[in-house]
Amino acid sequence: MTTSNESLQAWVDEIAALTKPDRIHWCDGSDDEYQDLIDHMLDIGDLIRLNENFENCYLHRSDPSDVARVEHLTFVCSRDEDDAGPNNHWMAPDEARAKMNGLFTGCMKGRTMYVIPYCMGPIDSPYSRCGVEITDSAYVAANMKLMTRMGDAALARIEKDDKFVRGLHSIGELDPDRRFIMHFPEELEIQSFGSGYGGNALLGKKCHALRIASWQARQEGWLAEHMLIVEIESPEGEKHYLAAAFPSACGKTNLAMLIPPESHAGWKVRTIGDDIAWLHLDANGQLRAINPEAGYFGVVPGTNEQTNRNANQMIQSDTIFTNVAVTATNEPWWEDKTTGTPAIDWKGNPYAAENGPAAHPNSRFTVSAQQNPTWSPLADDPAGVPISAIIFGGRRRELAPLVYQAKDWAHGVLVGAGVASETTAAATGKVGIVRRDPMAMKPFCGYNFADYWGHWLGFSNRSEKLPQMFHVNWFRRDQSGRFLWPGFGDNLRVLRWIIDRCENRVDAVETPIGYLPRAEDIDVEGLQMEANDMATLLSVDAAKWREEMNSIGEYLEEFGERVPQKLLQEHRKVLDSLG
Ligand code: SAT
Ligand code: MN
């Protein structure tokens, strides 16, 4: 196959000449093609078929050195280093291109080169953007079919728009010493070599829909964010749409698919997106969100009927599992799964407890969003959904209250910029270290955070109807390590307070860090909480918050003169009011 788009055809020809594949396959996105990809991977041993209880489900075991994003090998190659900012690793574009050309030369010999046209967002939405990923991995092609609107329809849009992000990927030899994920935002280009893992290899996701898109969004006046989008419907039929930014492996998928607790009969929760939101102001000044993705690449361990029944059901069929364990009867198994026992661990060895968890802590499911029992058809709406509240959050065992509301937009930008969270297994490196993760975008913002905060702040000049902003923390613990808040479905109780605040239906307690709920305004009916837990969850320790604000101030200083004065003023205001 070929395309009528000359620049796409010329690029594919050029890449074929560089990488020298044996075959070129243009993906049409059909179900037959997906099945052919699966059959091919079963033949060559890249996939293992799971048993009949998991219909059309497969296990992929990645190279044990290739199980997470690699932030230290991920670069933004803008022409000017300052545009990438201290939040990114930077390499000069010429140097990066020379390095990558060397790696890509002849790397597809003996392999098939897949050309994958994809569209991030509904095919007919003005907010959507297209890309083409060239890869030598059938696993990537199959995952892209589940995660994006991939194939003929996307190609038709590319031929109409004549604009697309170019993504070149090869698994190379899966050698960690020959692994790089490069972004050239000015050229709308991505080059990724040496990894087959999700965020490093499915280039539509973090590389395009966040790093490149955030750069484009700044130029074009919108936002590309690491946010879930969820619809909450009250028993009276009132609907709200919330967007929430949490770092990887902090519960975005669970919140997006939340199951109301028993005490909340009549509440309905539907998923628009679980990881990425593209936010635009419409002609009326309303912020609207689309989910650019069409599937979920979620963390498997911890998923069960109690924590997330929807996700558990969703992954019973037509799912690709990566790096889970299996039982003796070849069922997938992971930590906190309530049935079965592991026989073979994620590396393919007989399971032995002393070797660590059976499933890798960052093992993943890839599944089409259509399989989500609470999928909202509005995920396909070209106009997106109107956002009432933006919620920031992280994993903090101390300090951050269960929920608080920013005083206004500029304060909310400071709250987002100050987010910190314990690191998780979603990226290589130490787990459980608290680090700053502004807007949950630390690994994903394709440009200088100082400019990014300025871009966020600028929205208040463009609309008087911006969403309210909040911060939540589901992960607060006591001295003994016990979680103070049950989390999961019970988070709806907090979302209700957030919605009531957006609707001006409930008062709050004003504190230096923002508005907190009065304890009686969080509905705890049916919850078994210990006496002081709610008081602790809603307390603000001024001395500790002064330390926190000082540390946020030091963090902002790392970005030097580019940090907007307005943000520094907001910071000063909070610090002063802490006394
Ligand atoms: O980056 S991934 O897409 O692999 C998952 C994540 O870390 O959010
Ligand atoms: Mn993510």
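One-based numbering, in listed order, for ligands and for the atoms of each. Note: hydrogens, waters and symmetry copies are ignored here, and every other heavy atom, side chains too, is used.
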How far is atom 8 (O) of ligand 1 from the closest protein heavy atom, and which atom is that?
Lys206 NZ, 2.4 Å
Residue, atom and distance of the protein heavy atom nearest atom 3 (O) of ligand 1 read Lys205 CE, 3.1 Å
Would a 4.5 Å heavy-atom cut-off, applied to side chains only, mark Ile190 and Glu133 as touching?
no
With a sphere of 6.0 Å drawn around CZ of Arg49, does it hold more than 12 non-hydrogen atoms of other residues, nucleotides or ligands?
no
Numbered in order shown, the ligand 1 atoms found under 4.0 Å of a heavy atom of Ser248 are 6 (C), 7 (O), 8 (O)
Between OD1 of Asp275 and NE2 of His226, what angle is found at the Mn ion (ligand 2), rounded to 10 degrees?
90°
As an exercise, identify every atom of ligand 1 less than 4.0 angstrom from a heavy atom of Ala426.
7 (O)
Taking only heavy atoms of Tyr197 into account, list the atoms of ligand 1 that are under 4.0 Å away from them.
2 (S), 4 (O), 5 (C)
Electrostatic pair Arg61-Asp46, nearest N-O below 4.0 angstrom
no
Between Asp275 and His226, is any side-chain donor less than 3.5 angstrom from a side-chain acceptor?
yes
Taking both backbone and side-chain atoms of Gly198, is any N or O found less than 3.5 Å from an N or O belonging to ligand 1?
no
Just do the side chain to side chain donor-acceptor pair (under 3.5 Å) check on Thr303 and Asn312 with the steps written out, would you?
CA-CA 6 Å; Thr303 306; Asn312 209 39; 5.9 Å; no
Tell me, please, if Lys205 has any N/O/S atom, main chain or side chain, under 2.8 Å from the Mn ion (ligand 2)?
no
Classify the angle between the aromatic ring planes of Phe75 and Phe180 as parallel (below 30°), tilted (30 to 60°) or perpendicular (above 60°).
tilted
Within ligand 1, which atoms have a heavy atom of Arg364 less than 4.0 Å away?
5 (C), 6 (C), 7 (O)
Could you tell me whether Lys442 and Asp437 make a salt bridge, using a distance below 4.0 angstrom between a side-chain N and a carboxylate O?
no
Can you sort out which atoms of ligand 1 are near Phe297, meaning under 4.0 Å from one of its heavy atoms?
3 (O), 4 (O)
